[in-house]
Asks: 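So that we are looking at the same thing, I have put the structure below in structure tokens.
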Amino acid sequence: MEKKKNEKNKLVYEKKNGWEKIPKKEATDVFKFSEKYIDFLSKCKTERETADFAVKEAKKRGFKEGKGDEFYIINRGKSVCFVIKGKEPIENGVRIIGSHIDSPRIDLKQNPLYEDTDLALFKTHYYGGIKKYQWVTIPLAIHGVVQKENGEKINVVFGEDDAEPVLTITDILPHLAHKIQMTKKMYEAIPGENLNILVGSKPIDDKDEKNKIKVNILSILNKKYGIKEEDFLSAELEIVPAGKARDLGIDASLVLGYGHDDKVCAYTSLQALFDTKKPAYTTIIYFSDKEEIGSDGNTGAKSKFLEDVILQTIENAGKEPTYKLLRTVVNNSQGLSSDVNAAVDPTYKSVSEMNNACKLNYGIALTKYTGSGGKYSANDCHAEFFGKIRSMFNKRGVIWQTGELGKVDEGGGGTIAKYMAEIGVETLDCGTPVLSMHAPHEVVSKLDVYETYKGYLAFIEEK
Ligand code: MN
Ligand code: MN
């Protein structure tokens with residue numbers, strides 16, 4: 001009787017919490033790996049910072065710019081590819097792991113500084129899909145660059161050092177919020193033009209000055225960065241949550257931090273590349289920009305940057321980078337669109353379909369298709385390629401699960417998968433499950449972060 005029951009169970013696809021499957025030795029690795037990830041996430045809040053950090057790490061490991069068997073190509077400081085030559089000839093294609101290093105945030109407008117009611121504030125325009133009410137009354141920092149008229153570029157990081165002040169967006173007290181907020185639809189409660197950053201309140205000591213508070217701020221900025229108001233016009237200043245990523249939970253099994261989407265996939269894929277001695281195929285780790293606003297522009301995944309990198313890869317392999325060879329390489333290539341997926345939230349289960357949604361601690365999530373409303377705008381991964389990754393992950397003991405972006409007709413979304421697939425790359429969405437996606441502080445599980453790394457390592461090393 002007993003035996004018969006077990007045989008029957010073998011037919012059933014059983015899902016198990018990763019902590020019940022993971023080998024004891026690896027459980028320690030999960031926590032060790034997350035320490036470095038937390039450090040990275042605390043330092044790299046913008047696309048520029050992430051690209052800079054990654055290039056520095058690659059250089060330490062001997063990567064050269066544009067040439068050799070291990071190289072990187074950086075695109076305007078915001079998007080970057082890292083390449084390692086593989087055992088297979090280049091004609092057989094490359095392996096690509098493509099993530100994005102921009103995260104939802106709030107950008108300063110071009111002419112941001114103004115004074116109102118004896119306070120100084122910045123006007124902003126939010127970047128990506130945020131729930132605006134989440135971004136008020138929390139400590140904020142500025143990260144970015146100011147391009148001066150004389151060609152000098154000033155790097156700005158303000159509000160991260162413990163000794164430094166932070167900024168914030170104010171909100172109206174509940175006592176007076178009834179008409180203006182509480183009875184409105186949530187997405188109307190805080191209009192975009194209300195996301196004004198409070199930056200000061202102290203007047204400059206000058207009787208003739210009309211905007212004393214604003215001018216005092218300008219004078220402080222001038223002393224600190226050597227800039228004047230017109231310099232804001234040619235600046236990219238991004239407002240992000242201030243402070244470090246940290247352990248979350250009484251058991252410290254989770255990570256709370258800004259920008260897991262999608263720096264968790266960027267970090268794990270690059271780390272996997274660094275830990276690979278000789279990949280099966282030539283491997284490209286691709287960090288794209290502008291994913292959160294549709295992948296447009298010359299640093300987004302719709303640009304030709306990835307193809308440029310493949311052309312360089314062909315040349316570095318000693319071959320003539322002809323259009324025909326480019327097409328051969330691309331059509332023989334396989335890629336993971338490495339982006340986060342929405343984990344089931346126990347408080348909001350109704351938006352997920354439990355047989356197909358991903359859960360925290362069940363490992364890296366393979367998402368056959370994204371899109372919305374009838375798979376519209378999705379890269380629907382072919383069964384053959386999904387099958388290949390499935391076999392690969394099972395062989396390597398990677399803890400993985402499937403995922404989808406919510407119930408059918410509930411909503412949806414996309415990744416850079418379709419832009420990778422569009423040029424001919426066999427592509428599957430594959431990344432870390434996240435809670436509170438696009439909130440100032442998102443949640444991931446340490447086990448899932450580690451399994452994401454393991455999954456990418458398998459993809460790089462296995463044929
Ligand atoms: Mn993403
Ligand atoms: Mn996103």
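When a ligand or atom number is given, it counts from 1 through the structure's own listing order. Just so it is clear, the structure is predicted and the values come from calculations on it, not from any experiment.
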Asks: According to side chain to side chain donor-acceptor pair (under 3.5 Å), who are the partners of Lys85, at least two apart in sequence or on a separate chain?
Replies: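 Not a single residue meets the side chain to side chain donor-acceptor pair (under 3.5 Å) criterion with Lys85.
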Asks: For Phe82 together with Phe287, are the ring centres under 6.0 Å from each other?
Replies: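 Distance test on ring centres: under 6.0 Å, yes.
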Asks: Given His143, which partner from the list Glu238, Glu160, Glu236 fulfils the side chain to side chain donor-acceptor pair (under 3.5 Å) test?
Replies: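 So, applying the side chain to side chain donor-acceptor pair (under 3.5 Å) to His143 and each of Glu238, Glu160, Glu236, only Glu160 qualifies.
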Asks: Tell me every residue that passes salt bridge (Lys or Arg N to Asp or Glu O under 4.0 Å) with Lys153, counting only those two or more places apart in sequence or in another chain.
Replies: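 Applying salt bridge (Lys or Arg N to Asp or Glu O under 4.0 Å) to Lys153 gives none.
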Asks: Give every donor-acceptor pair under 3.5 Å between a side-chain atom in residues 61-75 and any protein atom, sequence neighbours left out.
Replies:
from, atom 1, to, atom 2, distance (Å)
Arg61, NH1, Glu57, O, 3.1
Arg61, NH1, Glu57, OE1, 3.0
Asn75, ND2, Asn298, O, 2.8

Asks: Under 2.8 Å from the Mn ion (ligand 2), which protein N/O/S atoms are there?
Replies: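 The answer, once waters are left aside, is Asp261 OD2, Glu292 OE1, Glu292 OE2, His438 NE2.
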Asks: Indicate whether the side chain of Asn331 and that of Glu426 have a donor and an acceptor atom separated by less than 3.5 Å.
Replies: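 No, no side-chain donor-acceptor pair sits under 3.5 Å.
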